[in-house]
Amino acid sequence: MENNRRPETMARITTPELAASFIEEQLQAVRAQVGDKKVILALSGGVDSSVVAALLIKAIGKQLVCVHVNHGLMRKNESENVIEVFRNQLDANLVYIDATDRFLNLLSGVSDPEEKRKIIGKDFIEVFADEARKYDDALFLAQGTIYPDILESIEQAEGKKAVKSHHNVGGLPEDLKAKFELVEPLKLLFKDEVRTVGRALGLPSEMVDRQPFPGPGLGVRCLGAITRDRLDALREADAILREEFANCGLSKTVWQYFVVVPDIKSVGVKNDSRYEGWPAILRAVNSTDAMTATIEEIPYAVLHTITKRIITEVPGINRVLYDITPKPTGTIEWE
Ligand code: XMP
């Protein structure tokens, strides 16, 4: 536990120079730790796993095996971007597993939010573990653990209770736990420092400055039992929201913004005919630690553009609603 505590003397990494010296230290440390053995990493494309991947590619090149599992609940083009950046630009050893059918079949008919989270988390580990077992010469598992994760597990060990079971990648199966030694180069860093290190490693801003995205992905935003058509509608509406936030600059200032699609339909009209559809609910919140959140006041003109685009471009959606509930009482995600 001792080397999991950030020393009080450790300087905050706030500049490219400080990031460069942190990177240099970690390159040496990782090479010394892993020698010529392979290292496996579950690369979701989130900030933390992406920064670990970029750091390890620099340290050990193709000895790193990145495994990207697409659970079918990613945002539009997300897996494609991971492949583009890591395989095409950084020449990483990247295994891409499209497990969409497997996840959506397991989730079929499941409406309880905690059960959905559990299925996604457990299945994710199974898919990843099946892949990891294929590498006899991999003795190390890299993880994008950061300092707030360490603090959270200390709190959990002290018996503090969470509102939702957030932790997606719970325990690995025993055989892999016994086999792998962990490589966690970011474990003493706060999020802003991870981003500074990511920039210094040359990762693109879309990756380093990404908003938080839950491990179960769109699974907790496609409310109730997930169906492919509603999930597709959610993904398209979410892409429009993100595009319009980027167009008006809100993507640079708003902490988290997304679309939720509930499992209810209302009556509408399109081309003079009755058109029953789902509502798309817009959510845009500001926060510093996700424990509380305030609402971002989206300008009416932006809301209008987003609404117009969603109702014309997304099949199945016939209304757009704007959720202005702070946390508390509403959690950031609806499930
Ligand atoms: P809530 O909804 O509890 O969310 O206000 C707080 C923050 O956590 C994210 N979140 C999750 N992250 N796995 C995650 O990794 C999850 O199951 C999960 N649920 C919520 C949420 O997006 C917000 O940033």
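This one's a predicted model, so the numbers in the text were calculated from it and none came from an experiment. Along the sequence shown, residues carry numbers from 1.
The minimum heavy-atom distance between A246 and S251, with the atom names listed, is CA-OG, 3.3 Å. In this structure, P113 and E335 approach most closely via the heavy-atom pair CB-CB, 3.8 Å. Across all non-hydrogen atoms, the minimal contact from P315 to A233 is O-CB, 3.7 Å. The two residues V208 and G198 make their nearest non-hydrogen contact at CG2-C, 3.9 Å. Pairing each heavy atom of L203 with each of S50, the nearest pair is CD1-O, 3.6 Å. M207 and N81 make their closest contact through CE-O, 4.4 Å (heavy atoms, listed as atom of the first residue, atom of the second, distance).
Using a 4.0 Å cut-off between charged nitrogen and carboxylate oxygen, K187 and D149 do not count as a salt-bridge pair. In this structure, D123 pairs ionically with R102, as a charged nitrogen and a carboxylate oxygen lie closer than 4.0 Å. One finds a salt bridge joining K134 and E131 here, because a Lys/Arg side-chain nitrogen approaches an Asp/Glu carboxylate oxygen to under 4.0 Å. Remark: R309 engages E243 in a salt bridge, criterion side-chain N to carboxylate O under 4.0 Å. A salt bridge between K116 and D112 is absent, with no side-chain N of the basic residue lying under 4.0 Å from a carboxylate O of the acidic one. A salt bridge links R6 with E193: the closest approach of a Lys/Arg side-chain nitrogen to an acidic carboxylate oxygen falls below 4.0 angstrom.
Within 6.0 Å of atom CD1 in I324, 12 or fewer heavy atoms from other residues, nucleotides or ligands are found, so the atom counts as exposed in its surroundings. Residue K308 qualifies as open at atom NZ: its count of foreign heavy atoms under 6.0 Å is 12 or below. In K76, the NZ atom is not crowded: 12 or fewer heavy atoms of neighbouring residues, nucleotides or ligands sit closer than 6.0 Å. Atom NZ of K179 has more than 12 heavy atoms from other residues, nucleotides or ligands within 6.0 Å.
Listed by first and then second residue, the ring-ring contact (aromatic ring centres under 6.0 Å, His included) pairs involving residues 313-335 amount to none (not counting sequence neighbours). Pairs engaging residues 26-40 under the salt bridge (charged side-chain N to carboxylate O under 4.0 Å, His left out) rule: K38-D137 [sequence neighbours left out]. The salt bridge (charged side-chain N to carboxylate O under 4.0 Å, His left out) contacts involving residues 278-293 comprise R283-D323, where partners must be two or more places apart or lie in separate chains. Sorted by first and then second residue, the ring-ring contact (aromatic ring centres under 6.0 Å, His included) pairs with a member in residues 81-122 read H68-Y96, H71-F103; sequence neighbours excluded. Sorted by first and then second residue, the pairs that involve residues 194-219 and meet side-chain hydrogen bond (donor to acceptor under 3.5 Å, both in side chains), not counting sequence neighbours, are E78-R210, R199-D209, S205-D209.
You'll find the side chain of I317 stays beyond 4.5 Å of the side chain of P279, heavy atoms only. In this structure, V30 and F140 have side chains that are not in contact, with every pair of non-hydrogen atoms separated by 4.5 Å or more. Here the side chains of V285 and Y257 are not in contact, with every heavy-atom distance at 4.5 Å or above. Looking at heavy atoms from C-beta onward, P212 lies out of side-chain contact with V47 at the 4.5 angstrom threshold. For the pair V95/I97, a side-chain contact is recorded, criterion being any heavy-atom separation below 4.5 Å from C-beta on. Put simply, the side chain of E126 does not reach to within 4.5 Å of the side chain of F128, judged on heavy atoms. Annotation: side chain of F180 is in contact with side chain of I40 (closest heavy-atom distance under 4.5 Å). The closest side-chain heavy-atom distance from V52 to L56 is below 4.5 Å.
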May I have the step-by-step check of side-chain contact (heavy atoms from CB on, under 4.5 Å) for V320 and L303, ending in yes or no?
CA-CA 9 Å; V320 176; L303 280 175; over 6 Å; no

Could you go through R87 and D91, starting from their C-alpha distance and side-chain angles, then the distance that decides it, and tell me whether this counts as salt bridge (Lys or Arg N to Asp or Glu O under 4.0 Å)? CA-CA 5 Å; R87 187 180 283 163; D91 196 26; over 6 Å; no

Might you work through the side-chain contact (heavy atoms from CB on, under 4.5 Å) test for V183 and L141, ending with a clear yes or no?
-> CA-CA 6 Å; V183 178; L141 177 76; over 6 Å; no

Show your working on side-chain contact (heavy atoms from CB on, under 4.5 Å) between V259 and L282 and close with a plain yes or no. CA-CA 5 Å; V259 170; L282 312 183; 3.9 Å; yes

Report task. Take E114 and K118, measure what salt bridge (Lys or Arg N to Asp or Glu O under 4.0 Å) needs, and give me the verdict at the end. Result -> CA-CA 6 Å; E114 284 297 296; K118 274 191 204 119; 5.2 Å; no

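Atom CD1 of I298 sits about 12.5 Å away from atom OH of Y300, to the nearest 0.5 Å. Going from atom CD1 of I150 over to atom CD of E155 covers 13.0 Å, rounded to the nearest 0.5 Å. Taken to the nearest 0.5 Å, the CZ atom of F124 stands 11.5 Å off from the CG atom of L73. Atom CD1 of I57 and atom CG of L64 lie 6.0 Å apart (nearest 0.5 Å). Distance CG/L234 to CD1/I281: 10.5 Å, rounded to 0.5 Å. To the nearest 0.5 Å, atom CG of residue N318 and atom CD of residue E276 are 8.5 Å apart.
Panel note: side chain N70, backbone D98; no donor-acceptor pair is recorded below 3.5 Å. Put simply, the side chain of R235 never gets that close to the backbone of R75: no donor and acceptor are under 3.5 Å apart. Checked by atom type and distance alone, the side chain of W255 pairs as donor or acceptor with a backbone atom of S287 at under 3.5 Å. Remark: side-chain polar atoms of E296 are not paired, donor with acceptor, to backbone N or O of N286 under 3.5 angstrom.
Cluster annotation: I125 and M74 are assigned to distinct hydrophobic clusters (Ile/Leu/Val/Met/Phe/Trp/Tyr, side-chain heavy-atom contacts under 4.5 Å, transitive). At a threshold of 4.5 Å between side-chain heavy atoms, the hydrophobic network of Ile, Leu, Val, Met, Phe, Trp and Tyr places L27 and L201 in one connected group. No single ILVMFWY cluster, assembled from side-chain heavy atoms under 4.5 Å apart, contains both Y275 and V261.
Using a 3.5 Å distance cut-off with no hydrogens or angles, the side chains of T145 and E184 do pair a donor with an acceptor. R319 and S266 form a side-chain donor-acceptor contact under 3.5 Å, judged by distance and modelled atom types alone. In this model, no donor atom of one side chain and acceptor atom of the other lie less than 3.5 Å apart for N271 and S273.
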Show me the donor-acceptor pairs within less than 3.5 Å that the side chains of residues 219-226 make with the rest of the protein, sequence neighbours left out.
| residue | atom | partner | partner atom | Å |
| --- | --- | --- | --- | --- |
| R221 | NE | E333 | OE1 | 2.8 |
| R221 | NH2 | E333 | OE2 | 2.8 |

